[in-house]
There are 2 protein chains.
Amino acid sequence: MEHVYSPKENFKEISRKTGKACVCFNLRKTARLLSQIYDQALKPAELKGTQFSLLMAVAGQDNTSIGKLAQPLGMDRSTLSRNAKILEKKGLLTIEEGEDRRRQSIKLTEKGTSVLRRALPLWEGVQESLAREMGEERLKTLLKDLQSLSQWLKSDF
Amino acid sequence: MEHVYSPKENFKEISRKTGKACVCFNLRKTARLLSQIYDQALKPAELKGTQFSLLMAVAGQDNTSIGKLAQPLGMDRSTLSRNAKILEKKGLLTIEEGEDRRRQSIKLTEKGTSVLRRALPLWEGVQESLAREMGEERLKTLLKDLQSLSQWLKSDF
DNA sequence: AGCTAAAATGTGTATATACTTATATTAGAG
DNA sequence: CTCTAATATAAGTATATACACATTTTAGCT
């Protein structure tokens, strides 16, 4: 790969190439677009896609700490902390000091549970649309590739 | 798909399932992680991955407007406007009024060009690592699926 | 017990992102 | 030519995100 990138004119071509090939760009772009679809679909439950995911994660790990949650979400602790605070303000979860007073204990509230229950069928609706559009097979491949990629990113890099 | 989601206990199982299956969550998660890799790699050029992409887009479409740029990037105009302003402040591009004084004309500066030139081999380095790790084939499939998905999201939904 | 290192989180700051609303400018109907 | 509708963008607001640094609390060594 011994290119020489000099004259400004060449950038037109290079730009096209990087746009097509850049995994980061294409991943972010698709995530941007898809997030809007999920947000739209979840509107009746007054949740955004990201908030749905966070609530679900809390539901699955009831009563854990910020750090324990952040790990599998591949998210910085500070990010998680702030996102959680928004849901706390909405009354969907509680954040309290645990035994170890460094650790915060996060729990779903009743309201949080019922919001999740309302959101679930909405989420399934989008998922099914996607499956219909892409086909089960490709969807499965996509998910698998995303998961193995993020697995690798967390461990090796 | 006629589930009954009621008792709180079931949410543990549902949480696991949604976490595995949610395209939006997995896309965002991978994008988060991968963005950090690109940001890290581009540090010597003092660029973040997103800024690299934006600069490249400008290089490919020199002298267009915000709106024209936003379209293929799948990005809201207001987002693009703000992201561009940061690069303008760094002296990497200029934003000026065009003929039509509603339209802003965006151009790469000399400095912007030279920063891109410095960044390009860094970008290639990450790309090659990814290709080595995932294998050319899977990488190609991933890119193709992302692109057709975002294509669909922009048109149909 | 007392001090130091490790652990968990929060805060400050900066960027990325979209939606809604406001503003300015042009184009088009009459 | 004038008023109105369409176009392009900016600004206000809220969320999502990470990194560096500060704070608090626990654990472990001596």
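First the proteins, then the strands, lettered A, B, ... as listed; each starts at 1.
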query: Could you give the distance from OG (B:Ser105) to CD (B:Glu96), rounded to the nearest 0.5 Å?
result: 6.5 Å
statement: Atom CG of B:Leu47 and atom P of C:dT15 are separated, to the nearest Å, by 12 Å
- request: Using a cut-off of strictly less than 4.0 Å, decide whether B:Arg103 has a side-chain nitrogen or oxygen near OP1 or OP2 of D:dA8.
  value: yes
field: Phosphate-side-chain proximity, B:Gln104 and D:dA10, N/O vs OP1/OP2 below 4.0 Å
entry: yes
query: Can you check the A:Leu69 CG to C:dA8 P distance for me, whole Å?
result: 13 Å
query: D:dA18 phosphate, OP1 or OP2: any side-chain N/O from B:Gln36 under 4.0 angstrom?
result: yes
message: What's B:Ser35 touching, base or sugar-phosphate or nothing? Going by heavy atoms closer than 4.0 Å.
response: nothing
message: Whole angstroms only, please: what is the CD-P distance between B:Glu88 and D:dT9?
response: 14 Å
field: Side-chain ion pair, A:Glu13 and A:Arg16, N-O less than 4.0 Å
entry: yes
query: Quick one: A:Leu55 CG to D:dT15 P, roughly how many Å, whole number?
result: 14 Å
Rounded distance in Å - CG (B:Leu27) to P (C:dA16): 19 Å
- prompt: Nearest to the side chain of B:Arg77, which nucleotide is it out of D:dT9, C:dT15, D:dA20?
  reply: D:dT9
message: Nearest whole Å is fine: how far is D:dT13 P from B:Asp76 CG?
response: 17 Å
message: In this structure, how many angstroms lie between the P atom of C:dA14 and the NZ atom of B:Lys90, rounded?
response: 12 Å
task: Can you figure out which of D:dT17, C:dC19, D:dT25 approaches the side chain of A:Arg102 most closely?
output: D:dT25
field: Distance, rounded to the nearest Å, where A:Lys43 contributes NZ and C:dT20 contributes C1'
entry: 10 Å
- request: Tell me which of A:Thr50 and A:Arg101 sits closer to the 5' end of DNA chain D, going by the nucleotide each one is nearest to.
  value: A:Thr50
- prompt: Quick check: does any side chain N or O of A:Arg32 sit under 3.5 Å from a backbone N or O of B:Gly74, one acting as donor and the other as acceptor?
  reply: yes
- request: Would you tell me if any nitrogen or oxygen in the side chain of A:Ser81 comes within less than 4.0 Å of OP1 or OP2 on C:dT9?
  value: no
message: Can a donor-acceptor pair be found, under 3.5 Å and without considering hydrogens, that links the side chain of A:Gln51 to the backbone of A:Lys48?
response: yes
message: Check the phosphate of D:dT15 against A:Asn83, side-chain N and O only, distance under 4.0 Å to OP1 or OP2. Yes or no?
response: no
task: Kindly say if A:Ser78 contacts the phosphate of C:dT9, meaning a side-chain N or O under 4.0 Å from OP1 or OP2.
output: no
query: Taking only side-chain nitrogens and oxygens of B:Gln40, does any of them come within less than 4.0 Å of OP1 or OP2 of D:dA18?
result: no
message: Check this for me: B:Gln147, atom CD, are more than 12 non-hydrogen atoms of other residues, nucleotides or ligands nearer than 6.0 Å?
response: yes
query: Is the phosphate of D:dT17, meaning OP1 or OP2, less than 4.0 Å from a side-chain N or O of B:Arg32?
result: yes
message: Taking the nucleotide of DNA chain C with the nearest heavy atom to each, does B:Thr79 or A:Arg82 sit closer to the 5' end?
response: A:Arg82
- request: Locate the shortest heavy-atom distance separating A:Gly112 from A:Leu55; write the atom from each residue and the value.
  value: O-CD1, 4.3 Å
query: If you pin B:Asp100 and A:Lys85 to their nearest nucleotides in DNA chain C, which one's is more 5'?
result: A:Lys85
